[in-house]
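Data block below; observations after.
Throughout, a chain's letter reflects where its sequence line sits, starting with A, and its residues are numbered from 1. FYI, side chains are in, hydrogens and waters are out, and symmetry mates aren't considered; it's all heavy atoms of this structure.
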Number of protein chains: 2
Amino acid sequence: MATIRDVAKLAGVSVATVSRVLNQNGYVNEETEKRVRQAIEQLNYKPNEVARTLFKKTSKTIGLIVPDISNPFFPELVRAVEDVTNIYDYTVILCNSDEKIEKEKEYIEVLKQKYVDGIILTTNQLELAEVSELDVPVVVLDRPLNHSFPSVIADNYGGARLATRHLYEIGCRRIAHIQGPLHVVNAVERFKGYRDEMQELGLWDEDLVILGNYQLNQTKEAVLQALKEHEIDGIFAGNDVMAVGALKAVQQLGLRVPEDVAIIGYDGIPLTEMTTPELSTISQPIYEMGAIAARLLVKKIEGQPLEQIHHVLPVKLVQRQSTSKGEKK
Amino acid sequence: MATIRDVAKLAGVSVATVSRVLNQNGYVNEETEKRVRQAIEQLNYKPNEVARTLFKKTSKTIGLIVPDISNPFFPELVRAVEDVTNIYDYTVILCNSDEKIEKEKEYIEVLKQKYVDGIILTTNQLELAEVSELDVPVVVLDRPLNHSFPSVIADNYGGARLATRHLYEIGCRRIAHIQGPLHVVNAVERFKGYRDEMQELGLWDEDLVILGNYQLNQTKEAVLQALKEHEIDGIFAGNDVMAVGALKAVQQLGLRVPEDVAIIGYDGIPLTEMTTPELSTISQPIYEMGAIAARLLVKKIEGQPLEQIHHVLPVKLVQRQSTSKGEKK
DNA sequence: ATACTTTATGTAACCGGTTACATAAGATAG
DNA sequence: CTATCTTATGTAACCGGTTACATAAAGTAT
C-alpha cells in the first residue's frame, strides 16, 4: 500500500502539497497538481482513512443500533438509513441490541472508541443520563426517548385509534387488542390509543386486552385462549406479525376472517400482503422514517441547523381483505 | 476525552507503562499497575481505537456485503454474522450492493481504506481478478464465487432435486418451476436440479419453466399467465417469496392448494409459516450459514488454519400444507 | 520604489496509540 | 565477586494522514 510520502517522493513534492491536491485546499500550481495526480495514479494510491480519522476526529461512519434486524420491521428501516447516509459518504455499523440495555451501552462505548460521527438509536430503555453523556450526535428513531435528541417516530397513538375506529366502522363491537411487550414504549402508546378509542365508543372492556410478545406462536396461543373465553368479533394487533398469529388462531377455530372476526395489524410490512386473506394494517412510512432520521443525523454531524427537531410522521389505514366485510355497517 | 498521556501523567509513569498495563504485556510492577488502573478509572479513560488501528493495521471491524437487507432471506444471515463476530469483539459494517458490481467495488474500496480486518461477500458477479486483488481475508457466503476463497453455501442443486421429487411423490406430474434471475448463480443451480430431476422422471417440458424475479407481484402475474396456458399441478418456486406469488395466483384462479396445484418454496424463511395454507419449502440453515461464515472469517483473520475451506450445508424438506394432499400417491 | 497581497511550497508538529531499544536495579549462577 | 538473567521503566520513533507556520517569489497598490 502506497502512502502519501511515496506519492510525494515520486512527484518530487512535499506531503503537504499532496495533501493539498487531495483535499483541494490551499494553493497548488497547476503543473504541480498534474504531477501529483500522475504519481497517485501510477502508485494506485488511496488515502488511508484511519490516519485521516485520527487527526480529524471524524470517521465517515455512523452507528445504527436496532433491537433485532430479524424482526421484519427493521430491514427496511436499516436499508433507508444505509441508502441515505451513503449519499453523504458514510458507512453504517449495524448493532443488534435485543432491547438489552447492557448491549446498548457496550455498543455505544465501542462506537465512540471508533470515533463514529453519529448514532441512530432505536431504543426506549436507555436513560436520559446515560445517553446525554454521549458527546456524539444522536438521533432517536421509532421510539420516543426524551426531548433532548432529534427524533423520528410515527403517530402510534393516532394509528391505534384509527385501527380501532376502523374495526368499529365495519361493524365490530367486541374489539380485542393484542398488546406488545409492556417495556416497549410504542406498544404502550398503541394500547392507549386503543383504550381511549374504545372508551369513547363506550366499548371498553379490559378483558379484551391480550398480551403478546410480538412473536407469532405465543400470540397464536394467547388468541386461541382469548377466543375461547370471550366473545370477540374484531382484533387489533399491536404489530403485523401478531396479526398473523391472530389470523392463524381464528382460522384454526374454523372461524372466518373477516366475517366472524375481523383483524387489523400494525406496521405495514410486506408480510401483510402475503397472507390469505391479506391483512389490513396501519401502515407506517418505514423507509421514510429511516431516511429522515439519517438526514437529520447527517445534518447534525455537519453542524447544520435542523428546521425541525421532532418528526411525528402520519400513519395510514390500509384496508385489505381481513377487514372487508362487504357492508355490515 | 482523556488520552494515554493524561493517564501516564496522573499515574506518574510513562505512556509505555500505561500501554503495558492495558495490553497486559511486558513487565509491570504490581504497585505501578495499581496506580495506573486508578488513574484510568479516575479519568474514565478509554483507549482510542482509531490510533490503535493505525499502528496495528487491524480495526476489529469486518465488512458484510449483501445484495439487499430488505430481502427477507438476509436479515437472519446478517444477524448470525453479527452475533458470531461480536463474540470475538468485531463490529460489522453493513453494505447493500443491490447485486450491482459497481456498488460492490466501491464498498470494497471503502472498506479497505477503513482497514477492515475481513469481508464477507454475498455476491456472484465480482470477477476472480477483482476480488483476488484484495489483500484482506474474504469469505464468500451463499453464492459460490470461485475456489480461491473459503465459502459457505447450501446445496442448491440437491435441494432443487429434493423439492421436485417431493412434488412427484405426492402425485404431481406437470411440475412447473419458477426460476429466479438468471444472473444469480443459486437460481441457476436450482433450475438445474429441477431440470435434471424432471428429465430423470421423464417429465421434462421446457414450457413449464417460468421466469421470476424473486418478487411477489411479478411472479404472481407470470404464474397466472402460465396457469392459463399450460396444465400444471405442482409448482416448485425458486424462493419462498415467489412461492407466495404462486400461491396468490393459484388462489386467484379459484384453484385449491394443494389439491389442484401443490406448491413448494425454497429458503425456509419465517414467512412460509405465515401463509394459509402454510408453505412447504426447502429449508436452508440460514443462521448456521452466517455463523459458519463468520467463524471462518475470524479464523482466517487470526491466522488460524481452516480445517475445511468449502462448506456445502445440507438443506431439508419441510413439508407443510401446501404439499399435503392426503394420500394421492 | 516600498509595502502589502496573493500564490506556491516545504518543515515539522500533531492526532493517540504501540513497541523497539536503552537503561538500570535486583536476583541467580559459576 | 563477576557475569548473566529477570524485572521494571522510560525515550522516542512509528503508523499515515493534516495543517499551522515559515519562507519566498510574483503581482498590485500607493
Quiz prompt | DNA chain D contacts among residues 51-61 of chain B, heavy-atom distance under 4.0 Å | solution = B:Leu54, B:Phe55, B:Lys57
Salt bridge (charged side-chain N to carboxylate O under 4.0 Å, His left out) involving [X] - partner list, sequence neighbours excluded:
| X | value |
| --- | --- |
| B:Lys300 | none |
| A:Arg35 | none |
| A:Asp6 | none |
| A:Lys46 | B:Glu109 |

Restricting to side chain to side chain donor-acceptor pair (under 3.5 Å), what partner residues turn up for [X], sequence neighbours left out?
| X | value |
| --- | --- |
| A:Asp117 | A:Thr58 |
| A:Ser97 | none |
| A:Ser19 | A:Asn23 |

Quiz item: Is B:Glu307 salt-bridged to B:Lys299, going by a charged N under 4.0 Å from an acidic O?
Solution: yes
Quiz item: If you measure from the Lys or Arg side-chain nitrogens to the Asp or Glu carboxylate oxygens, is any gap between B:Glu33 and B:Arg37 under 4.0 Å?
Solution: yes
Exercise. Kindly give the heavy-atom pair with the smallest separation between B:Val184 and B:Arg143, and that separation in Å.
Key: CG1-NH1, 3.9 Å
Quiz prompt | Contact list for residues 50-66 of chain A, test salt bridge (charged side-chain N to carboxylate O under 4.0 Å, His left out), sequence neighbours left out | solution = A:Glu49-A:Arg52
Quiz item: If we ignore angles and hydrogens, is there a donor and acceptor under 3.5 Å between the side chains of B:Tyr107 and B:Asn96?
Solution: no
Practice problem: Using only heavy-atom distances, determine whether the side chains of A:Lys114 and B:Thr91 contain a donor-acceptor pair under 3.5 Å. | Solution: yes
Practice problem: Mind listing the residues from residues 35-42 of chain A sitting with a heavy atom below 4.0 Å of DNA chain C? Number order is fine. | Solution: none
Quiz item: Touch check for B:Val13, heavy atoms < 4.0 angstrom, all strands: base, sugar-phosphate only, or nothing?
Solution: sugar-phosphate
Quiz item: If you look at every strand shown and take non-hydrogen atoms under 4.0 Å, does B:Ser19 touch a base, only sugar-phosphate, or nothing?
Solution: base
Quiz item: Nucleotide range of DNA chain C contacted by chain A, 5' to 3', under 4.0 Å to a heavy atom?
Solution: C:dT6 to C:dG16
Quiz item: In degrees rounded to 10°, what angle is found between the helical axes fit to the five outermost pairs at each end of the helix from C:dA1-D:dT30 to C:dG30-D:dC1?
Solution: 40°
